[in-house]
Amino acid sequence: QVQLVESGGDLVQPGGSLRLSCAASRSIVRINTMGWYRQAPGKQRELVASITSGGMTSYADSVKGRFTISRDSNTVFLQMNSLKPEDTAVYYCNADQVFTPTYRYLEVWGQGTLVTVSS
């Protein structure tokens, strides 16, 4: 099947670090852009960072200098440093233009992983 599985969410103290991972299922042979979104309580889902198949990255202003997105083929990572309470959210992995040997998907979403930044 086609799926993205996130991992790495945890409870962390302010100023701490966390590394999120998102692995695409083996059936996925190509993904254009991968990214991380987050949705905090009472807020809309927002794009945190993205990375294209060519390695071009983009970050939300709120995380620039603190977060780093990286990618190894169809696996994407988000290194989060200097975490703040406002980073608390469910983080979702997203894949844009997903190809399998038989189908093309516009988008595939992971189920999310919870990051809680609190002392």
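All values derive from a computational prediction rather than experimental measurement.
Cluster membership check: Leu83 shares its hydrophobic cluster with Leu78, using side-chain heavy-atom separations under 4.5 Å among Ile, Leu, Val, Met, Phe, Trp and Tyr. Hydrophobic clustering, with ILVMFWY side chains joined whenever heavy atoms are under 4.5 angstrom apart, keeps Tyr105 apart from Trp109. Hydrophobic clustering (ILVMFWY, side-chain heavy atoms < 4.5 Å, transitive): Tyr103 and Met34 are in one cluster.
Among Val115, Asp10, Val48, Val76, the one residue that satisfies the side chain to side chain contact (heavy atoms under 4.5 Å, CB included) test with Leu20 is Val115.
Here the side chain of Glu6 pairs a donor or acceptor atom with the backbone of Gln111 at under 3.5 angstrom. Put simply, the side chain of Tyr59 gets close to the backbone of Ile69: a donor and an acceptor are under 3.5 Å apart. With hydrogens and angles disregarded, a donor-acceptor distance shorter than 3.5 Å links the side chain of Arg71 to the backbone of Ile51. Within the 3.5 Å criterion, the main-chain N or O of Arg38 finds no donor-acceptor partner in the side chain of Glu46. Looking only at distances, no side-chain donor or acceptor of Ser21 sits under 3.5 Å from a matching main-chain atom of Phe77. Of the possible polar contacts, one joining the Thr113 side chain to the Gly9 backbone as a donor-acceptor pair under 3.5 Å is found.
Note that CG of Asn81 and CZ of Arg19 are 10.0 Å apart. Values are rounded to the nearest 0.5 Å. Interatomic distance, CG of Asn32 versus OG of Ser50, reported as 10.0 Å (0.5 Å rounding). Note: Arg30 CZ to Thr100 OG1 = 12.0 Å, rounded to the nearest 0.5 Å. Note that CE of Met80 is 5.5 Å distant from OH of Tyr91, once rounded to the nearest 0.5 Å.
Within the 4.5 Å cutoff, the side chain of Ser17 has heavy atoms near those of the Gln79 side chain. A heavy-atom distance below 4.5 Å is found between the side chains of Asn94 and Glu107. At a threshold of 4.5 Å between non-hydrogen side-chain atoms, the residues Asp96 and Ile31 do not count as touching. At a threshold of 4.5 Å between non-hydrogen side-chain atoms, the residues Cys22 and Val5 do not count as touching. Taking 4.5 Å as the limit, some side-chain heavy atom of Arg104 sits within range of a side-chain heavy atom of Gln97.
Of all heavy-atom pairs spanning Pro41 and Thr88, the tightest one is CD-O, 4.2 Å. Nearest heavy atom pair, residue Ser119 against residue Pro14, reads N-CD, 3.7 Å. Shortest non-hydrogen contact noted between Val29 and Pro101 is CG1-CD, 4.0 Å. Listed here is the closest heavy atom pair of Leu18 and Val12: CD2-CG1, 4.4 Å.
Between Lys84 and Asp87, none of the side-chain N atoms (NZ, or NE/NH1/NH2) sits under 4.0 Å from a carboxylate O, so this pair counts as no salt bridge.
With ring centers used as reference points, Phe67 lies 6.0 Å or more from Trp36.
Stacking of Arg45 on the aromatic ring of Tyr92 is recorded, both the 6.0 Å distance cut-off and the 45° axial limit being met.
Between the side chains of Ser27 and Ser25, at least one donor N or O lies within less than 3.5 Å of an accepting N or O.
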